[in-house]
Amino acid sequence: MTSTDRGTWLAIAALVVAPVVAAICFTLWNTPLPISEAVALLEDVSRKPRLDFLVPDTSYYRPLYHIALSTIWNADLSLDARLAAIRLLQIVPVVALVGILLFHLRPRTSLEAGAAAAATAVLIGSPGFRDNLEIPLTYTIVGMPLALAVWHLLMALPRWWHTPAVIAMLVIALGFKEQGLAIVALVVAAWVTRAPGATRAQAASTVLLAAGYVAMRLAWHNHMATFEQGIGFGFSEIDTQTATARFGNFPYPIYAYTALATVANVIFSEPTSGIFSIVAAIAGGTAEHWQFVHLGSSVGLTVLIAFWAFAAVSRARHEGWTDESRSVIVLVLTLAACGALSFNYSRDRLGGMATPFYALAAYYALLACGRRVAALPPWRLRAAASGLMLLAGLWHVRAIGTVEAVKVTAVRNQIEWLTGLPQRTREFADRPVYLSILEILRAQGTAESTPHPTNYPEALMGLFSPANVQAQ
Amino acid sequence: MTSSRLGMIGIVLLAPAVLAASAVFGLEGWRLVRPRSPLFGTPQTFTLAEAIEHHDVARAYALVRDGQRPDDLIVVSHPTLTAGRPHFVSPLWWAVAMRDEHTMLMLLGAGATIRHVQGRDADCLADALGAAAMQRLLRRYGAPPDGPCPEAAAPTR
């Protein structure tokens with residue numbers, strides 16, 4: 001294998017995923033900032049001194065996010081430049097995440113390039129990625145590429161700067177959201193499996209840093225609500241008051257359910273926010289095509305991953321750990337971390353930190369499956385290859401669904417401006433800073449150039465994403 | 001195991017990626033060239049009546065922002081509500097007739113009002129159409145008058 005081969009297949013893999021990534025980024029670039037949350041966040045950063053955000057006196061502690069937003073919003077720049085910077089804060093991590101995944105996989109053959117392209121579709125089509133694309137809520141989407149970059153360094157031969165870089169990336173991810181703690185799981189996974197770039201000192205320092213962070217949060221904010229937001233249970237949503245009344249005395253079983261719901265959402269795309277909506281739709285005979293696509297592709301891939309993971313770990317016990325077998329451990333630990341960090345409410349976005357590692361596992365599972373399929377007799381080879389093509393195809397359909405979903409979000413943001421502005425103006429009449437930001441942002445919110453979802457023909461409309469159906 | 005078989009499996013995995021990439025590239029390229037294509041949004045409209053009919057709330061907003069008064073009567077035609085003949089109605093009445101909740105809210109925010117006369121009685125129309133959600137919103141944000149609805153008849157010609 002020559003070095004030219006390596007570059008060629010990497011370039012081919014990058015080329016086939018580029019249109020989807022570019023379409024997502026282009027849409028994000030043209031998406032209006034919404035009224036909900038965006039205006040209140042900008043009001044916060046307009047009123048509070050930047051360093052005040054370091055004080056952990058809130059359940060939603062994201063100091064580096066607020067400092068970054070404050071730096072942008074209070075900069076001596078034109079409105080267009082500031083809005084562009086806020087959008088770039090969302091777009092750059094998306095490009096970095098896909099870029100780091102492909103760079104880490106570095107396909108050298110057509111099989112590896114095909115598996116890498118499919119793994120990228122798994123990343124982009126997953127709910128944990130899709131739900132983290134909401135401008136300007138740039139929280140977990142910053143942590144996701146950092147986690148993958150940390151994993152890449154841990155798999156590489158050690159250099160003097162790797163440990164400081166790992167610590168720095170952990171601090172940045174934590175500063176954007178507590179989900180950054182999942183990075184500690186990576187470092188521990190790498191150390192336990194004797195990864196080339198992992199050391200005991202590195203593992204100990206990240207665990208200590210995490211323990212210090214948790215202690216600081218608990219010390220400052222020792223009275224935590226039993227449920228911060230509404231929870232899903234079975235087939236329905238329960239609001240915080242009802243949940244507290246029903247489960248408040250002994251919430252641990254429902255915490256376990258909620259944590260498992262986040263894990264299951266990453267690997268099965270169901271339940272969503274703790275609610276088994278796809279199962280309910282199928283049972284009720286009202287399921288849309290996309291629901292079959294999501295459930296079928298996730299179940300199919302997770303079964304494939306389970307077979308591969310069992311074989312990879314069995315091999316590791318006799319032959320030692322490899323990058324491939326380590327990715328089983330990192331997937332399990334990041335899933336556990338995401339579950340634990342979402343114990344009191346489950347949302348798709350809370351599985352975000354495990355999503356790149358689900359995609360990484362998908363790559364190795366597809367590769368292993370492809371190698372086995374190639375050794376089959378001709379007629380079985382054709383059948384198995386068709387199955388692989390179908391599975392990869394369904395995930396690419398989901399990736400296109402993500403492109404449509406960000407367009408629907410753009411339209412929803414615009415509609416919020418067109419229909420909710422007078423009401424907000426009345427509601428926040430006693431908050432002059434809020435009102436001034438509302439006025440400043442009105443033109444971008446009501447511009448006619450907002451991207452619209454594609455009006456696919458009737459037969460295709462329900463295939464790509466729930467958002468398309470809802471937008472009709 | 002031959003490398004050609006592995007290569008074939010690679011092509012099998014790459015094929016859907018190439019197909020998806022081509023579809024997105026083609027669609028988004030077409031969007032740049034023909035942004036007003038029916039594939040990417042509502043057809044281009046020039047009047048408030050047309051914008052409401054096509055549920056194009058952004059266009060309706062732009063027309064109001066550019067000077068169209070939200071209470072000025074507009075000429076519309078509907079196969080059942082106006083028996084296919086042109087009639088003068090308020091934009092709010094037309095938004096309810098088209099069951100366009102977003103445009104209805106936008107018009108209310110822009111100052112559109114309800115009167116219990118033919119063609120301006122948006123709340124009565126919502127009631128007649130059984131559009132309970134729209135009726136609730138009209139009561140909440142539109143402050144409809146207390147009097148009875150006008151006799152059911154075609155709006156002002």
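Chain identifiers are assigned alphabetically (A, B, ...) following the order of the sequence lines, protein sequences preceding nucleic acid strands; residue numbering begins at 1 within each chain.
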Next on the checklist: At a heavy-atom distance under 4.5 Å, which candidate from B:Met104, B:His55, B:Met106 has the highest pair count against chain A?
Outcome noted: B:Met106
Next on the checklist: Looking only at heavy atoms and a cut-off of under 4.5 Å, which of A:Leu390, A:Ile415, A:Leu15, A:Leu366 has the most pairs with chain B?
Outcome noted: A:Ile415
Item to check | Atom group of B:Leu137 that falls short of 4.5 Å from chain A, counting heavy atoms | outcome: neither
Checklist entry - In terms of heavy-atom pairs under 4.5 Å with chain A, which of B:Ala60, B:Ala15, B:Gly111, B:Ala20 leads? => result B:Ala20
Next on the checklist: Under a 3.5 Å distance rule, please check whether B:His78 uses its side chain to pair with a backbone N or O of B:Val76 as donor and acceptor.
Outcome noted: no
Item to check | Charged tip of A:Arg382 within 45° of A:Trp379 ring normal and under 6.0 Å | outcome: no
Checklist entry - Relative to chain B, which segment of A:Leu376 carries a heavy atom at a distance below 4.5 Å: side chain, backbone, both, or neither? => result backbone
Next on the checklist: Determine whether A:Arg87 and A:Thr31 satisfy the following criterion, side chain to side chain donor-acceptor pair (under 3.5 Å), listing intermediate values before the conclusion.
Outcome noted: CA-CA 8 Å; A:Arg87 292 190 177 107; A:Thr31 294; over 6 Å; no
Checklist entry - Among residues 110-117 of chain A, which ones touch chain B with a heavy-atom distance under 4.5 Å? => result A:Ser110, A:Leu111, A:Ala113, A:Gly114, A:Ala115, A:Ala117
Checklist outcome for this item: Whatever's closer than 4.5 Å to a heavy atom in chain B on A:Leu381 counts as side chain
Item to check | Within-4.5 Å side-chain heavy-atom neighbours: A:Cys369 and A:Leu388 | outcome: yes
Checklist entry - Looking at A:Phe428, does the NZ or CZ of A:Arg426 lie under 6.0 angstrom from its six-membered ring centre and within 45 degrees of the ring axis? => result no
Item to check | Any side-chain heavy-atom pair of B:His54 and B:Met98 under 4.5 Å | outcome: no
Checklist entry - Is any NZ, NE, NH1 or NH2 atom of the basic residue among A:Glu416 and A:Arg424 found under 4.0 Å from an Asp or Glu carboxylate oxygen of the other? => result yes
Checklist entry - Would you call B:Arg59 and B:Asp56 a salt bridge, taking side-chain N to carboxylate O under 4.0 Å as the test? => result no
Checklist outcome for this item: Turns out that what part of A:Ala121 lies under 4.5 Å from chain B's heavy atoms comes down to neither
Checklist entry - When heavy-atom pairs shorter than 4.5 Å are enumerated against chain B, which of A:Leu394, A:Val373, A:Thr446 gives the highest number? => result A:Thr446
Checklist entry - Can you say whether B:Leu27 sits under 4.5 Å from chain A via the side chain, the backbone, both, or neither, judging by heavy atoms? => result side chain
Checklist entry - In terms of the angle between their ring planes, are A:Tyr456 and A:Phe464 parallel, tilted or perpendicular, with boundaries placed at 30° and 60°? => result tilted
Checklist entry - So do B:Glu50 and B:Pro43 actually touch side chain to side chain, heavy atoms under 4.5 Å? => result no
Checklist entry - Just by distance, do the side chain of B:His116 and the backbone of B:Pro148 share a donor-acceptor pair under 3.5 Å? => result yes
Checklist entry - For B:Pro38, is it the side chain, the backbone, both or neither that has a heavy atom under 4.5 Å from a heavy atom of chain A? => result backbone
Checklist entry - Between A:Pro19 and chain B, which part of the residue has a heavy atom less than 4.5 Å away: side chain, backbone, both or neither? => result both
Next on the checklist: Taking B:Arg115's backbone N and O only, do any of them form a donor-acceptor pair with B:Asp121's side chain (distance below 3.5 Å, no angle check)?
Outcome noted: no
Checklist outcome for this item: Comparing B:Met8, B:Glu28, B:His102, B:Glu101 against chain A, the one with the most heavy-atom pairs below 4.5 Å turns out to be B:His102
